[in-house]
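This report refers to the structure that appears directly beneath it.
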Amino acid sequence: MRFETAPRTRLKRLAALLAVSLFIFGGCGSSKPVNTLQPASTAAAQYPGWFLNPPESRGQLAAGFSRHSFLYPENSLAAARHSGEAALQAQSGMRVTYNSFWEITPGHTGRETGREVFTDTLGTRPNEPDLIAEAVLGSMHLALFGSTQSRTDSRLRPPGRRPAWVDTPPQNDQFSYGTGAHPLFINEQTSWKQAELNALKNLASTIEVRVQQLDRFLNQSQEGARFFQTDVYADWFEVAARWRDERNVYVLVRARAVSVLE
C-alpha cells in the first residue's frame with residue numbers, strides 16, 4: 001500500500017504546484033476574461049488628420065472604408081474605392097421632398113394634419129476618382145478619393161478631447177449641419193458609415209424644419225384643406241469632422257446653405 005500511495009501523493013503535489021504557477025503567471029488569479037476582440041482604447045487609437053478633420057472640398061473628397069485583408073490588400077483597396085465612389089456620388093447633391101397636409105379655418109393659424117418626408121441623392125457616379133491618401137488601421141482600410149487635389153494631413157494622431165460639435169452642432173448662415181453617432185463595433189468601418197448615415201438623417205431633419213416654417217407662412221392666409229409640397233436642394237454635402245471615444249464614434253456633416261424650390 002505504501003508503494004501505491006506515494007505516486008498519488010507526488011501527483012497531488014505536482015497538481016498543486018501547477019495550480020500555484022498558473023495563479024502567479026496568469027494574472028494573480030483574476031477571474032475577469034480577456035477579450036481579445038475589444039476595440040482599442042481612445043489613447044491607443046490614431047487616425048490620419050484627413051480622416052478626423054477632412055479638408056473642405058465642397059463635396060469633392062470622400063473617404064472609402066473596407067475591412068483590411070493582409071493576404072489580399074489589393075482587394076481591400078478595391079472595396080474601399082467602391083465605398084469612396086458611392087460616397088462621392090451621394091455628396092454631389094441631395095434633395096429633401098417635404099409634403100405637408102393642412103387644415104385652414106378662417107381667422108386661425110393653419111394646423112398641419114400630416115407630413116411626408118423623402119430624401120434622395122442627385123449626383124452621378126464619378127469616373128475613376130483619384131486615390132489621394134490611404135491608411136491601414138488594424139483591421140480597417142481607409143482611403144481618401146476625390147476629383148480635386150488638395151493638401152491633406154496624413155499624420156497619425158489620437159482623436160483628442162471631446163469637441164463641442166458632438167453635443168451642439170455649429171450654427172451659421174453658410175452651412176447646415178447634422179451630427180450622428182453609433183456604437184463602436186469590432187468592424188470599426190461599419191460604425192463610421194452608420195454614424196455618417198445618422199448624421200445625414202439629422203441634417204435632413206434640420207432642412208425639414210426650415211420647410212415646415214415656410215409651409216406655415218404660406219398657408220396662414222388660405223382656407224380649407226390644403227396640400228403643399230416643397231423640394232429643398234443641397235448642392236453638395238460632406239463630412240466636416242469625425243471623433244470617437246471608447247464606446248461610440250461621431251460624425252459631423254455639413255451642406256451648403258440650401259435652396260427651396262416650390
Side-chain angles (χ1 to χ4, degrees), residues 25-27 30-57 61-91 126 128-146 150-167 178-201 238-253:
F25 296 105
S30 174
S31 59
K32 184 177 181 180
V34 178
N35 183 4
T36 58
L37 298 180
Q38 186 176 0
S41 65
T42 305
Q46 291 190 334
Y47 301 87
W50 56 260
F51 182 77
L52 294 175
N53 298 288
E56 185 175 329
S57 66
L61 293 175
F65 301 81
S66 70
R67 184 172 178 82
H68 182 67
S69 172
F70 292 95
L71 294 178
Y72 304 100
E74 64 279 2
N75 292 349
S76 303
L77 181 58
R81 174 178 288 277
H82 182 79
S83 172
E85 289 177 351
L88 284 172
Q89 177 180 354
Q91 289 180 183
E128 291 294 323
D130 296 331
L131 173 62
I132 298 175
E134 65 176 322
V136 176
L137 308 174
S139 63
M140 182 172 61
H141 197 127
L142 294 178
L144 181 65
F145 296 95
S150 61
R151 298 179 61 182
T152 57
D153 180 9
S154 296
R155 293 173 297 176
L156 295 179
R157 59 187 62 185
R161 295 182 178 180
R162 185 183 184 93
W165 60 260
V166 170
D167 303 304
T179 58
H182 196 268
L184 182 60
F185 289 163
I186 299 303
N187 293 332
E188 189 177 340
Q189 68 278 3
T190 302
S191 301
W192 287 112
K193 290 302 296 182
Q194 190 59 51
E196 184 175 332
L197 290 176
N198 293 339
L200 287 176
K201 292 179 182 179
E238 64 186 2
V239 173
R242 297 181 179 93
W243 186 77
R244 61 157 281 192
D245 54 24
E246 294 185 356
R247 295 185 177 181
N248 300 289
V249 300
Y250 304 85
V251 175
L252 173 69
V253 297

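Since we're looking at a predicted model, the values are computed, not measured. We count residues from 1, following the sequence as given.
- Evaluation of the ring-ring contact (aromatic ring centres under 6.0 Å, His included) rule for F70 yields H68 as partners, not counting sequence neighbours.
- In this structure, the side chains of P54 and L61 stay at 4.5 Å or more apart for every pair of heavy atoms.
- Between the OG atom in S69 and the CG atom in L77 there is a gap of 12.0 Å [rounded to 0.5 Å].
- Listed here is the closest heavy atom pair of Q189 and F65: CB-CB, 3.6 Å.
- For the atom pair T190 OG1 and F185 CZ, the distance stands at 8.0 Å (nearest 0.5 Å).
- Residues N187 and R67 form a side-chain contact, since some pair of their non-hydrogen atoms from C-beta on lies under 4.5 Å apart.
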Quiz item: Does the pair R162 and D167 meet the rule for a side-chain contact (heavy atoms from CB on, under 4.5 Å), with working shown?
Solution: CA-CA 9 Å; R162 185 183 184 93; D167 303 304; 3.0 Å; yes

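- No donor-acceptor contact under 3.5 angstrom links the side chains of Y47 and R242, judged on distance only.
- Note that CE of M140 is 5.0 Å distant from CZ of F51, once rounded to the nearest 0.5 Å.
- Distance check: R81 CZ to S66 OG gives 12.0 Å after rounding to the nearest 0.5 Å.
- Panel note: side chain D130, backbone I132; no donor-acceptor pair is recorded below 3.5 Å.
- Between A133 and S154, the shortest heavy-atom contact is CB-OG, 4.1 Å.
- In terms of heavy-atom proximity, A195 sits nearest to V249 at CB-CG2, 3.9 Å.
- Shown are H182, E196, R244; of these, the side chain to side chain contact (heavy atoms under 4.5 Å, CB included) with S191 is made only by H182.
- For the pair L252 and V166, the minimum side-chain heavy-atom distance is 4.5 Å or more.
- The distance from the CG atom of N198 to the OG1 atom of T179 is 9.5 Å, given to the nearest 0.5 Å.
- Between the side chains of E238 and S57, at least one donor-acceptor pair of N or O atoms lies under 3.5 Å.
- Under the 4.5 Å side-chain criterion, counting only non-hydrogen atoms from C-beta, H141 is in contact with E134.
- Closest approach of P129 to L88, counting heavy atoms only: CB-CD1, 3.7 Å.
- When every heavy atom of N53 is checked against every heavy atom of A241, the shortest pair comes out as OD1-CB, 4.4 Å.
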Exercise. Go through the steps to decide whether L184 and N248 satisfy the test side-chain contact (heavy atoms from CB on, under 4.5 Å), and finish with yes or no.
Key: CA-CA 5 Å; L184 182 60; N248 300 289; 5.8 Å; no

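- Between W50 and L142 the shortest side-chain heavy-atom distance falls below 4.5 Å.
- Taking the charged nitrogens against the carboxylate oxygens, D153 and R155 do have a contact shorter than 4.0 Å, which makes a salt bridge.
- Across P48 and L137, no two heavy atoms sit closer than the pair CD-CD1, 4.0 Å.
- Between W165 and Y250, a ring centre-to-centre spacing not shorter than 6.0 Å is recorded.
- In summary, the side chains of E188 and W192 do present a donor paired with an acceptor at a separation below 3.5 Å, with no hydrogens or angles considered.
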